Amino acid sequence: MNFKRVYTSTKTYFVLSFMALVLLVFTSTMAYKQIVGMQKSAEMVSHSLHVYNAISLLTAHFTEADSEEFRDALLNTNKKEGIYNNYQEEGRVIMDSLANLVRDNPSQTKRLGSLQVLLNDLYKQLQDLDKTDLEADNTLLQYREAQKSIISISLFQIRSLKNEMLREEQRLMELRQKAYESDKSLAPLLLLLLAFLALLVFVLSFLRIYRNKLRIRQSENFLKNVLGTTDNVVNYYEPIFNEENDIVDFTIIFANACNRDYFGLEPDDMIGKTVLNFFPFLKESGNFNHLIACYRNQDKVKFKSQVLMNDSTMWFESLITPLSDGILVTARNITVEEEAKNSQVQFRKRLEKQNLILLDNRALLANIFKSISHIVIHLKSIRNAEGQIHDFEIVFVNDRISPVTGDIPEEIKNKNVSVVFPEVFKTGGFEYLVNTIENNNTIEYTVPYEKENRTHWFSTTAIKLGDGVTVTIRDVTDEKEKSNQLIKLNEQLVIRNSILNDAESIAKIGSFLWYRDSDTSELSDNFYRILGFEPNAFASSSKKFRDFIHPDDLATYDLKLNESLNGLTSEEFTYRIVTKQGEIKFVKTNGQFLEKDGQTVMIGVVQDVTQSIYAAEELRKSNLELQQSNAELESFNRVASHDLQEPLRKIQLFISRIEDIERTNFSEKGTTYFNKVKNAAQRMQNLIKNLLAYSRIDSSKTDLETIDLNDVLSKVQEDLTNMIKDTQAEIFSDQLPEIQGIFFQMEQLFANLIANALKYRNKTNSPKITIQAVIVGASEVPGNINLISKSYHKITFKDNGIGFDAKYSEKIFEVFQRLHQKTEYTGTGIGLAICKKIVENHYGYIHATAKLGEGAQFIIFLPA
């Protein structure tokens with residue numbers, strides 16, 4: 001899989017590149033303008049030289065008219081017509097050339113016009129001189145001399161204008177030379193600056209690209225390590241289309257090592273192959289359609305599936321996520337969970353059966369208590385700070401107490417003996433009871449009782465049971481001869497009561513009665529079944545039972561058994577057994593020693609705790625994972641609160657400085673891009689703050705207090721005063737209740753819901769927000785939540801805004817879910833997720849209903 005596809009946003013790089021490009025273009029433009037200016041200056045200097053040359057030709061032209069040779073040539077009868085015409089044509093050509101050169105200079109053009117007039121006069125004067133025939137009329141010699149004088153005056157005037165033109169061109173030449181020298185000196189500097197900037201942009205770009213390359217490598221290595229260590233199957237597929245644009249299969253682009261662990265497939269062999277080639281059962285089970293739906297709808301899909309591969313049946317929970325040009329498949333092996341569920345069902349059935357037996361035994365014992373004529377009381381020890389028994393609590397007493405003392409059993413239960421029977425402390429009965437418990441002795445004694453001015457004698461038997469004593473009291477005033485029979489009956493009752501109580505405390509599955517002297521045992525039917533046998537399949541004994549102990553636990557088992565035999569005490573402990581079928585089970589044993597018919601016997605119970613052991617291990621692993629998740633969340637909080645916000649604050653600082661210094665130099669498009677950068681930085685800061693708020697919502701619920709929601713609403717309205725005023729919103733509210741909660745979280749809940757209503761308002765109407773509160777029964781609370789109260793406060797926030805499509809009523813409460821583009825409405829997509837988390841933190845439920853264009857309702861249920 002190409003991990004560069006999922007790299008972070010390049011907005012920052014684009015902005016930096018754009019700014020570098022703008023600077024480079026600006027510098028290049030200035031250099032180009034400088035070169036063009038230098039070229040133009042050179043052309044103007046060259047133009048001035050051409051003007052100089054043209055004026056020089058003009059000077060030579062009109063100077064020729066002042067020479068005697070030219071004038072004599074004009075007087076020459078044979079050539080004078082051709083000379084004059086050629087001279088005039090030569091002047092016209094020079095003037096046309098000069099007029100073309102100075103046409104962009106108004107002052108020179110004006111002088112050239114005056115010069116043209118003088119030249120025309122000169123040509124006319126020369127023509128008059130040309131027409132003078134001195135040979136025919138010698139008297140005209142004096143006229144010729146006068147005409148020469150006139151020509152000289154014209155030539156003087158022409159020279160004056162020519163000198164003015166030369167001075168003007170001299171001035172222009174000096175200015176153009178200065179401009180040329182200036183452009184010639186700045187051009188190399190600008191070119192050098194341009195080269196330096198280009199080199200700087202290249203170096204910065206290279207360093208940035210190299211740094212990004214290192215980051216991408218680190219990201220790739222990190223992601224590969226994560227995918228390599230996860231227990232989930234992670235694959236990436238891209239679709240294969242037929243000619244009708246239907247998806248017929250997917251190409252495997254990436255597969256992690258879990259494919260080898262679970263399916264025996266080598267990841268490298270899978271890449272480039274099709275999905276159905278390796279997992280044809282997806283087509284048969286219909287789960288292939290989930291892959292297609294995920295890609296087509298660009299939405300997550302989650303489902304469970306049973307997989308049979310390599311003669312092994314496994315259960316997987318798959319999450320299909322659209323990603324780039326394909327889909328990312330994450331499959332978690334839930335085989336152990338499914339098997340545990342099945343085992344729990346079986347265990348529950350066995351437990352229900354045992355409970356039925358227990359109820360039967362309880363009913364039997366209750367009937368026995370009703371049918372016997374003696375009193376049975378069970379007392380629990382009450383010890384002082386030094387651990388000494390100073391009183392007893394009456395835990396159980398049967399109905400036979402009423403005819404003797406007049407007490408009703410239900411009224412004296414859970415009361416102290418010192419309050420109900422204070423005479424026990426006078427007759428020595430208290431000492432007997434203490435001795436029974438402290439020394440683990442079964443004591444029989446007879447005590448008197450005064451009733452109706454007559455002394456009655458009662459034979460009492462006290463037997464230790466836990467940290468208490470079971471007392472059986474018999475009226476032996478008239479029936480002392482039956483004392484032995486009553487004692488035997490009492491022992492039987494003690495045994496049954498002991499078995500019953502132990503069964504209730506540890507959810508009994510099997511029971512046993514072991515005779516120490518003869519090493520024979522009586523096992524219940526369930527005990528045989530725990531060992532994998534049918535009831536009474538073999539003669540039971542401690543030696544026989546030892547054969548089922550797991551070899552690794554034999555030493556511990558023998559040690560515990562020897563300790564019990566030596567001290568005639570039993571301590572609950574857990575060990576492993578191997579059943580007839582070779583299955584290893586964890587069992588827990590508890591029991592106690594009694595004397596029966598002159599023999600030492602042990603009665604006890606055994607429970608299969610295999611599932612409990614495995615469940616405890618799973619719970620331990622889950623706790624470790626939870627601790628790791630909490631540590632990661634804490635790390636995220638630290639990063640988000642400092643590491644992520646620090647560079648963002650610097651970006652915003654530089655944006656502010658650039659805006660203060662350079663904003664007036666931005667083009668219209670540059671200003672647009674700059675505002676987008678500024679808004680993106682603000683959105684990023686809001687996103688980080690909302691993420692922190694979301695992750696810091698505490699679910700421990702240890703600081704709940706009584707909160708008046710009317711105070712919460714007032715505080716929120718005060719905080720949102722400007723926003724409410726700007727939108728001309730109206731808020732109507734019922735009298736809100738008091739709840740047990742966290743004030744700042746409820747304040748954030750109300751603020752998010754009201755701000756949402758104001759943000760997504762209808763542009764044509766002023767916002768109206770109605771808050772209603774009623775009390776409803778727990779049965780009216782929707783959703784699958786843990787109901788902790790019989791009644792709930794139903795609080796409804798209703799607005800007249802733009803609403804939304806009802807199909808998004810669940811999606812809007814997910815993190816980063818937005819129904820509108822960021823250009824339409826600002827926001828981070830976390831506000832409603834925070835609302836949901838706050839409500840759940842208060843043992844409540846929140847959901848939304850709406851119609852597009854007709855407003856929305858957010859309904860909250862909180863315990864009353």
Side-chain angles (χ1 to χ4, degrees), residues 4-40 182-183 186-213 215-216 324-325 644-690 723 726-727 759-761 763 802 816 818-830:
K4 296 182 179 66
R5 291 184 177 181
V6 289
Y7 194 59
T8 56
S9 171
T10 58
K11 288 184 179 179
T12 302
Y13 306 147
F14 173 78
V15 172
L16 293 176
S17 300
F18 175 76
M19 294 176 65
L21 179 61
V22 169
L23 184 61
L24 191 61
V25 170
F26 173 76
T27 310
S28 301
T29 303
M30 294 299 297
Y32 173 76
K33 287 183 178 179
Q34 197 67 33
I35 293 173
V36 170
M38 185 174 65
Q39 182 179 2
K40 186 176 180 181
S182 175
D183 292 338
L186 289 177
L189 294 177
L190 285 174
L191 290 175
L192 181 61
L193 178 60
L194 177 62
F196 174 76
L197 287 175
L199 179 61
L200 180 61
V201 170
F202 170 78
V203 171
L204 292 177
S205 300
F206 174 79
L207 293 176
R208 191 68 177 179
I209 293 171
Y210 179 73
R211 190 181 303 168
N212 290 341
K213 184 177 180 181
R215 289 180 178 174
I216 292 173
S324 188
D325 296 328
L644 289 181
Q645 293 197 68
E646 180 58 26
L648 184 60
R649 284 193 288 267
K650 288 184 178 178
I651 290 173
Q652 291 180 316
L653 175 62
F654 292 138
I655 287 174
S656 176
R657 290 184 177 177
I658 293 173
E659 185 177 29
D660 294 339
I661 299 173
E662 300 292 339
R663 189 172 186 86
T664 56
N665 298 327
F666 288 173
S667 64
E668 181 178 352
K669 184 175 291 187
T671 301
T672 301
Y673 289 153
F674 186 84
N675 290 335
K676 289 184 177 181
V677 172
K678 185 177 178 181
N679 293 335
Q682 184 61 44
R683 286 197 304 273
M684 185 62 182
Q685 187 176 52
N686 293 338
L687 176 62
I688 293 174
K689 289 181 178 178
N690 285 336
M723 192 174 184
D726 293 341
T727 58
K759 182 193 302 181
Y760 299 106
R761 63 186 181 276
K763 300 301 183 182
I802 62 174
F816 300 128
R818 295 169 51 90
L819 303 185
H820 305 87
Q821 297 295 325
K822 64 184 178 183
T823 55
E824 297 178 83
Y825 295 95
T826 60
T828 59
I830 304 179

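The structure presented is a predicted model; accordingly, all values stated were derived computationally and were not measured. Numbering starts at 1 and runs along the sequence shown.
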Task: Spatial distance of atom CD1 (Ile655) from atom CG (Asp660) [nearest 0.5 Å] - done: 12.0 Å
TODO: Provide the closest heavy-atom pair for Met723 versus Lys759 in the form atom of the first, atom of the second, distance.
DONE: CE-N, 4.1 Å
TODO: Using side chain to side chain contact (heavy atoms under 4.5 Å, CB included) as the criterion, list what pairs up with Thr671, not counting sequence neighbours.
DONE: Arg663, Phe666, Asn675
TODO: Go through the structure and list residues passing side-chain hydrogen bond (donor to acceptor under 3.5 Å, both in side chains) with Asn665, not counting sequence neighbours.
DONE: Glu662
- [ ] Side-chain contact test, heavy atoms from C-beta onward, threshold under 4.5 Å: evaluate it for Thr727 versus Arg761 and give yes or no.
- [x] yes
Task: Approximate separation, where rounding is to 0.5 Å, of Phe674 CZ and Ser667 OG - done: 12.5 Å
